[in-house]
Structure formats: C-alpha cells, structure tokens
Amino acid sequence: MATLVLDNGAYSAKIGFSQETVRVIPNCQFRSKTSRLKTFTANQLDEIKDPSGLFYILPFQKGYLVNWDVQRKVWDHLFGKEMFKVDFADTSVIITEPCFNFSSIQESMNEILFEEYQFQSVLRTNAGSLSAHHFFSSRPSELCCLLVDSGFSFTHIIPYCRSKKMKEGIRRVNVGGKLLTNHLKEIISYRQLHVMDETHVINQVKEDVCYVSQQFFKDMEISQMKGEENTVVRDYVLPDFSSIKKGFCKPREEMVFSGKYKTGEQILRLANERFAVPEMLFHPSDIGIQEMGIPEAIVHSIQSLPEEMHAHFFQNIVLTGGNILFSGFRERLEAELRALAPAHLPVSVLQPPNPICYPWEGGKLLAHSPDYDEIVVTREDFEENGHFICEEKFDI
Amino acid sequence: MVLEKKTSARVEAGQRRVLDEATRQRRLSRQLEALEKDNFQDDPLSSLPPPGPTARLPAFSETEEPEKKRRKTRGDHFKQRFRKNFTTLLEEENLSDRAEPNYLSAEAPPSSLPPRHFCCVCGFPSHYTCTTCGGRYCSSKCLCTHRETRCLKWTL
C-alpha cells in the first residue's frame, strides 16, 4: 500500500508519496486578466503567460480551511490523473492541519477523506508533530524541542516533549507571509507605484529583496544616506511579462543613484522597506498589532512550562515555514533569545536545510516507521465508529 | 481673492478636526483587516457578462471515475456545512466556554516592550504625532504629505 504525505498549507501544499520526493504546489486557484473565463488550479499557474493582476482564490482564511469548494478542486487536481494518480482504495494519507483546528473543520475533513475520496486509511496531524518526529528521529538523545512554524497565515510556537505536544505552551503570533506581502504592497503603493493588484509580483519582490536586519536602527540610518554610502538601497526591475519574465534586483555596479535609468524598465527603489517588512515578525506592534514578537513569545511559551525543561527547550529551537527563508532570520532570533533567556542557559536555534519541507520529510519518515499502522484510522474503523475514533486517535 | 496666510502649526492645530481615541482605534483595525485581504482588485470573471448558453464556463475535466458517486454525497449538507467563513466558525466553537488551552488562549499577549514609532510616510523613525489622527511623522515635509493624502483616510 502506498502512503501519500500531504502537508496542506494555507498557501502551498507540500505533497508526495512516501517513496518519492516532495513537490511544493500552490494550494489555491487563480484567475488572470488575459483569460478571464478560465480558472487555473494549483500548478496550472505555470500556464498563465501574463500573471499580472493575478486574482487569488484561497481555500484558507486566517489559517483555517473554510472554502471547501476550492480545496476540493485543488485536491481533485492533485490526486487526479494529471498529477499523483492516487488509487484511493490502496492508499493511506498523512494530512496536516493547523493547531487548535476547529472541530467542525475536523469533522468535515474526516467525511471528505473517508467518504468522498475513500482513502483506505488516514492520519490527520499537525505539521508541527511531523517536524517534531523528524527532529527526534535525527537526534534521538534529545528530550524536548520547540518548533517555530512561520507560515503564510501566522506563526506558531509549539513545544514538544518526547513527541508529545505541550498544548499549554503553544503561542500564536498573527503575523505570516500574507500579512508581510500585503504590507509591502501597501507601502510601495503609497510611496512609489500603485501595486495593490499585484500580489504575485510583490510576493516575488519580498522573496528577492527582503531580509531580517541584525541591527535594526543602524540599518535605518544607512538606508537614509545618499549615494554610494547607502548600502541598503536596491533597485528592483519589475517584470513586464514580455521581455522580462521575472523581476530581479539590479546589480549594485549597474545602479544609477539618481534613479534615472535610460533603459526604460519599470523600477522599484527599495530601502528601509527591505528590512522593515520582515521586522513585523519580531515587532508586530510596529504596525499596531498588539502582540509579542517571535522571540518574546518563545520566552513566554517556555516560561509557561515546567522549569526543569527550560534548558532543553532553549537548546533545541527548530525553525520551519517559508518566512524562515528571509536571510538573517536565524541569526537575529538567536541573538534576541540570547538576550532574553536566563544567562546560564545555552541557546541554540536550528535551521533545517529546507524549512518549508521539513514537516513533509517528517511525514515521510513517519510513513516508514514500524508502528505507522497503529496510529492511522482505517476506512472500516471510521465506518464502524465515526468521528469518535478520529478524535481518539488524532492529536490535533 | 483670498490670500492664504501661513499660520503657526499650533494655532492651526486648534482649528483642525481631532479624532477621538475610539475613531483612531477603528481606523487601525480597518487597516489591519485590509492586511488580511486575499485580493484588492475585482474578480476578473465578475467584470464579464453572466455566461449565457453560448458562452458556458469550462467545466473541470480532471475529476475522477467515481464522479457520480461523489456528486450524490455533495448534496445539500455540503452547501450548508461547508460554506461558513472564519468568523462564523469561530463563534460556533464557543471557545470562551471551553477549557483552555484553545485558539483564543494561544494568541501571544501584548508585548512588554515599549512601542516603536515610524513615520507613516517614509518609514523612518519618527518623533512627532499628527494632532488630527494620531499618525506619526518625522519631518514637516512628511507631515505635509501625510495631511494631503492620508490624514483622514479610512475614517468612519
């Protein structure tokens, strides 16, 4: 029997059979200005030649699955003959859900997976639990780990002790990649060029030029300087989707400091935006979100747990999710935690090679573990016992 | 012709409308809500005339073999149960009565660090507050821009 691992994120689905490798696919539908009648699903995004003004139809709202119509269209596409060709009667699925998923969503999930798709067996879990499994299998001597999962909708801090999730220590910071992109869009639109309709393009800008500052106010000073001295400022060439397919940063040596280019491309000049946007992860209060930033929330989480565990948590902080890919994230987090943590405790923050797919890889390991059959719910089980058996077995 | 006279900022401040705390808070939450939006433009499909018999929407062709079976179960319960937005779902969970920890209790509490202030025009650290709306600015140049463009925007 095959096992399909699906880390069902609010923006991208990380999917693949446990024997194979992972693919990261948009978990949404799109409409474009050029072919207005067609709705593009998941990786059909690649078929859109001119993705300017791309319209998103997302199945998730604030990190929770609400739009099942869209989700099923995406799943139909992923499971179908164009992609994974799933033979449901002979397939087990590992699927992830957010922490504290609402019970009605959980029930809908059971019904759709068992009754509509008719999977042979299902394991519903948190992406964090798969990451924890990954961590503990690669470091069997560790007792605890603290996961920081910073995704599209929000950032979760989840402590695990010997693969058991410690619910009382979970903290959520309502800052994720979506908010960062929207904020960047907002400030660029106000300061330079109207880009409110260009989520897709600006998301790429964010991924290409934004970084986490190590010395925030120092960088602020530098980005205020004129000419050569300003080492922060970058000129970003926007794509026109005819000759320039993908936006890029002008190399430093080709930059014209007056900002007057003769080449005629459309340019965005980015200075403090480069690091002020990811800064929201560390100081949500900068834009008026009255919540702790990630470092403070980590300390708050650890302090709510038994004292003898503190040392273990501070030493095993694991980063997952797309926002971790901002360069400088790990260093900044480690430095801030060092300042906040008790002096006698060592602090160590681990960034896996692929923070987006770390949970998926954990799911892959779990699918091959000898007691996998014990932790799943089979279709017969569900038909016999209904939602109750899922509530019993799955730790969401 | 009326000649405009430059007045001092303080005298002028007395004449300008000053938003109260509740309005400022409403403005802020509207701004934060906007940051959660999926799209800011209209659906490209909605700007077209409704599809008539000649221009039918293309159906999804990638559905599986057990199509008929599925269609049946997609019946009316699907429409009611699977069409709720986040706020409705959150209300239905009745979390305030449920045992902690839950979705509400997991939210990170307010920071104990003092808030930092940035100019709402240029983004650099700011020292001054707009008397009208409470927005921050860093220089008289930015204040001018702010008053001309944003000062009373999003006010209900």
Side-chain angles (χ1 to χ4, degrees), chain A residues 31-33 36-38 53 55-56 58 61-62 64 66 68-69 73 76-77 79-82 99-100 102-105 108 115-116 118 167-168 170-174 178-179 182-183 186-187 190-191 196-197 199 217 220 224 272-273 276 283 285-293 296-297 300, chain B residues 28-29 31-32 34-45 47-48 51 55 57-58 60 62-64 66 69-70 73-74 78 81-90 92-93 95 100-103 105-113 115-118 120-125 149-150:
Chain A
R31 285 204 191 110
S32 92
K33 281 193 294 201
R36 292 195 285 189
L37 278 174
K38 192 169 189 292
F55 186 85
Y56 284 73
L58 298 161
Q61 225 182 347
K62 296 199 176 194
Y64 291 84
V66 294
W68 289 92
D69 284 348
K73 295 264 167 58
D76 282 348
H77 179 78
F79 300 153
K81 55 181 180 290
E82 277 175 55
C99 287
F100 301 117
F102 302 150
S103 41
S104 58
I105 302 179
S108 310
E115 291 171 5
E116 313 261 318
Q118 312 223 333
K167 281 194 176 175
E168 66 277 24
I170 298 179
R171 293 291 176 276
R172 183 185 70 252
V173 180
N174 283 320
K178 180 186 194 176
L179 184 132
N182 277 342
H183 180 61
E186 221 263 333
I187 55 181
Y190 183 50
R191 294 175 195 171
M196 290 311 279
D197 302 349
T199 310
F217 287 105
M220 273 289 178
Q224 218 161 359
N272 63 25
E273 295 85 358
H283 290 272
S285 58
D286 286 359
I287 51 163
I289 299 177
Q290 294 311 318
E291 281 173 13
M292 292 174 165
E296 231 187 324
H300 192 261
Chain B
L28 178 66
S29 36
Q31 284 170 19
L32 293 180
L35 289 178
E36 280 296 324
K37 276 169 81 169
D38 294 346
N39 297 290
F40 288 79
Q41 73 271 45
D42 294 328
D43 187 343
L45 192 63
S47 58
L48 287 174
L57 284 178
F60 278 87
E62 59 271 48
T63 33
E64 300 299 288
K69 217 185 224 172
R70 242 186 248 166
T73 47
R74 259 188 209 187
F78 194 82
R81 269 192 63 185
F82 300 135
R83 279 180 185 276
K84 286 176 181 163
N85 65 19
F86 179 81
T87 333
T88 331
L89 284 171
L90 188 60
E92 280 181 5
E93 284 286 294
L95 286 178
E100 294 190 357
N102 59 35
Y103 175 80
S105 72
E107 186 180 3
S111 172
S112 57
L113 302 168
R116 313 187 299 181
H117 300 294
F118 300 96
C120 57
V121 178
C122 65
F124 288 108
T149 53
R150 282 251 159 127

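A note on names: the letters A, B, ... follow the listed sequences, proteins ahead of strands, and every chain is numbered from 1.
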Inset, instruction - Show your reasoning for whether side-chain contact (heavy atoms from CB on, under 4.5 Å) applies to A:Tyr64 and B:Leu90. - result: CA-CA 10 Å; A:Tyr64 291 84; B:Leu90 188 60; over 6 Å; no
Legend entry - Full working for side-chain contact (heavy atoms from CB on, under 4.5 Å) between A:Tyr190 and B:Thr149: CA-CA 9 Å; A:Tyr190 183 50; B:Thr149 53; 2.7 Å; yes
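Heavy-atom distances place both the backbone and the side chain of A:His183 under 4.5 Å from chain B. Both the backbone and the side chain of A:Gln61 come within contact range of chain B, judged by heavy atoms closer than 4.5 Å. Looking at B:Ser112, both its backbone and its side chain come within 4.5 Å of chain A, counting heavy atoms on both sides. Looking at A:Ala297, the atoms closer than 4.5 Å to chain B (heavy atoms on both sides) all sit in the side chain, from C-beta outward. The parts of A:Ser103 that come within reach of chain B are both its backbone and its side chain, each placing non-hydrogen atoms under 4.5 angstrom from that chain. Contacts between B:Asp38 and chain A at a heavy-atom distance below 4.5 Å involve backbone atoms as well as side-chain atoms.
When all heavy atoms are compared, the tightest approach of A:Val66 to B:Phe86 is CG1-N, 3.9 Å. Across all non-hydrogen atoms, the minimal contact from B:Ala108 to A:Val173 is CB-CG2, 4.1 Å. When every heavy atom of A:Ile287 is checked against every heavy atom of B:Leu28, the shortest pair comes out as O-CD1, 3.8 Å. Scanning all heavy atoms of the two residues, the minimum distance from B:Ala106 to A:Phe100 falls at CB-CE1, 3.5 Å. Across every non-hydrogen atom of A:Lys178 and B:Lys37, the tightest pair is CE-O, 3.6 Å.
For the atom pair CZ of A:Arg31 and CG of B:Asp43, the computed distance is 4.0 Å after rounding to the nearest 0.5 Å. Atom CG in B:Asn102 sits 12.5 Å away from atom SG in A:Cys99 (nearest 0.5 Å). A:Met196 CE to B:Asn39 CG: the interatomic distance, rounded to the nearest 0.5 Å, is 11.0 Å.
The most heavy-atom pairs under 4.5 Å with chain B, out of A:Glu296, A:Arg171, A:Gln290, come from A:Glu296. Ranking B:Cys120, B:Ser29, B:Pro115, B:Cys122 against chain A, the residue ahead of the rest is B:Cys122, based on heavy-atom pairs under 4.5 Å. Highest contact tally toward chain B, considering only A:Gln224, A:Lys167, A:Met220, is held by A:Gln224 [criterion: heavy-atom pairs under 4.5 Å].
For A:Glu273, the salt bridge (Lys or Arg N to Asp or Glu O under 4.0 Å) partners two or more places apart in sequence, or in a different chain, are A:Arg191. Take A:Glu168 and apply the salt bridge (Lys or Arg N to Asp or Glu O under 4.0 Å) test, not counting sequence neighbours, and it matches no residue.
Counting heavy atoms from C-beta outward, B:Asp42 and A:Phe55 have side chains that stay 4.5 Å or more apart. The shortest distance between side-chain heavy atoms of A:Ser285 and B:Arg116 does not fall below 4.5 Å. The closest side-chain heavy-atom distance from B:Pro110 to A:Glu291 is not below 4.5 Å.
B:Glu36 contributes no side-chain N or O that, together with a main-chain N or O of A:Lys62, makes up a donor-acceptor pair within less than 3.5 Å.
In this structure, A:Phe102 and B:Tyr103 have perpendicular ring planes: the angle between them is above 60°, well past the 30° mark.
No side-chain donor-acceptor contact under 3.5 Å links B:Glu92 and A:Ser104.
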